[in-house]
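Keep in mind that this is a model prediction, so the values were computed, not measured. Position 1 is the first residue of the sequence; numbering continues from there.
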Amino acid sequence: LDLVSGVQSALLARLRQRDVRDHIEREVELRRELNHRVKNMLASVSSIFAMTRRGATSLDDFTEDFSGRLTALANVHTAVFEMDGETLDLAHVADLTFKPYRSGDRSRISATGPSVMLGREAATTLALCFHELATNALKYGALSVSEGHVGLDWAVSRADDLLTIRWVESGGPPVTAPSRTGYGTRYLTAALRNLFGTAPSIAYRPEGLEFVVSGLLSRPSLNPAAPNVLNRHD
């Protein structure tokens, strides 16, 4: 009996030691992950600050633009945290970003398309890009007048899983191509080229701006955690 009791005690001690070791390893892993995410967040804020500073013409413009961009960033990160995962639906990203611009009137900005799951970084990038487009429409485009409308839609080709996102404005002031490329346009082009692998196309149609970008859903930049990120709805 003493021998059996001794063996049991030794086994229990070994199990406790293993539990403690696993707990410590998990805690170290969580700290590393937290450190990584904090660094990424600070890098994003730093990048947004630099982008806003270069494009601002006054302190008031800087304050308004910087606050709006941080809000778009915070909304997406909050949504990912609340979903307890690393992916976010494109439709949810659009709703979060456009909520401040709708003010109860959802008809001003419509967003339609199938369910497409995006990685956290891709969701953040698209939120910032949608914010840039909406801000531009509010200042100069379709949202600057009461009759204006913005339509965001996206589709996925079943043949090659090509995701295409379109932003189309209508009912606003007549559109003319700018004499020079602004910083917002340069940011949109660079960010979406990095995300989709191809640069977006921008058409300055008199009846309204049209902005289109396409890329394969298999690109790791869109969702590195999942090989199949499309949940198709017929």
Side-chain angles (χ1 to χ4, degrees), residues 51-52 54-57 61 64-65 68-69 72 89-116 118 122-217 219 221-222:
M51 174 181 69
T52 307
R54 285 194 290 268
T57 57
D61 285 344
E64 181 181 355
D65 291 346
R69 287 162 179 159
D89 197 293
L90 176 53
H92 195 28
V93 173
D95 285 339
L96 285 171
T97 309
F98 298 145
K99 185 177 180 180
Y101 301 95
R102 283 170 167 160
S103 300
D105 185 3
R106 297 182 65 88
S107 65
R108 296 296 306 280
I109 306 180
S110 62
T112 58
S115 176
V116 177
L118 302 168
T124 300
T125 297
L126 283 178
L128 290 174
C129 289
F130 293 160
H131 169 75
E132 290 299 314
L133 289 166
T135 299
N136 185 74
L138 187 64
K139 291 180 177 179
Y140 315 109
L143 298 183
S144 66
V145 296
S146 60
E147 301 83 7
H149 173 264
V150 170
L152 175 73
D153 64 77
W154 59 93
V156 179
S157 168
R158 293 180 179 274
D160 50 16
D161 276 357
L162 183 72
L163 171 64
T164 299
I165 299 176
R166 291 194 316 145
W167 170 278
V168 181
E169 299 183 22
S170 60
V175 175
T176 57
S179 58
R180 63 182 183 86
T181 303
Y183 189 81
T185 302
R186 293 198 299 272
Y187 167 75
L188 287 168
T189 301
L192 293 174
R193 181 190 290 117
N194 182 63
L195 186 62
F196 286 88
T198 57
S201 65
I202 307 175
Y204 296 96
R205 306 177 306 159
E207 63 272 23
L209 179 74
E210 182 174 9
F211 191 95
V212 182
V213 64
S214 298
L216 294 174
L217 279 170
R219 283 181 60 81
S221 57
L222 286 171

Minimal non-hydrogen separation, Phe98 against Ala111, with atom names: CE1-CB, 4.4 Å
Straight-line distance of Leu118 CG to Leu217 CG, nearest 0.5 Å: 8.0 Å
Check: Gly141 main-chain N/O paired with Ser144 side-chain donor or acceptor under 3.5 Å: yes
Non-hydrogen side-chain atoms of Asp161 and Val156 separated by less than 4.5 Å: yes
Exam field: side chain Arg108 to backbone Val150, donor-acceptor pair closer than 3.5 Å: no
Euclidean distance, Trp154 CH2 relative to Thr112 OG1, rounded to 0.5 Å: 6.5 Å
Side chain to side chain contact (heavy atoms under 4.5 Å, CB included) between Asn194 and Thr125, worked out: CA-CA 10 Å; Asn194 182 63; Thr125 297; over 6 Å; no
Validation row: Phe196, Ser221 side chains within 4.5 angstrom (heavy atoms): no
Heavy-atom closest pair, residues Ala134 and Leu143: O-CD1, 4.0 Å
Minimum-distance pair of heavy atoms, taken over all atoms of Ala137 and Glu169: CB-OE2, 3.5 Å
Contact summary for Val145 and Gly172, nearest pair of heavy atoms: CG2-CA, 3.8 Å
Gap separating the CG atom of Asp95 from the CG atom of Leu90, nearest 0.5 angstrom: 9.5 Å
Sidechain-backbone polar pair: Arg166 side chain, Glu210 backbone, donor-acceptor under 3.5 Å: no
Pairwise distance OG1(Thr198) to CZ(Arg219) - rounded to 0.5 angstrom: 8.0 Å
Option among Leu192, Thr97, Leu222 that satisfies the side-chain contact (heavy atoms from CB on, under 4.5 Å) test with Leu126: Leu192
Test item: Ser214 side-chain N/O and Thr164 main-chain N/O as donor-acceptor pair under 3.5 Å: no
Within-4.5 Å side-chain heavy-atom neighbours: Leu152 and Ile165: yes
Smallest separation among heavy atoms of Asp61 and Thr57, with atom names: OD2-OG1, 2.7 Å
Gap separating the CH2 atom of Trp167 from the CD1 atom of Ile109, nearest 0.5 angstrom: 5.5 Å
Nearest atoms (heavy-atom pairs only) where Val213 meets Pro200: CB-CB, 3.9 Å
Side-chain heavy-atom pair Val168, Arg205 within 4.5 angstrom cut-off: yes
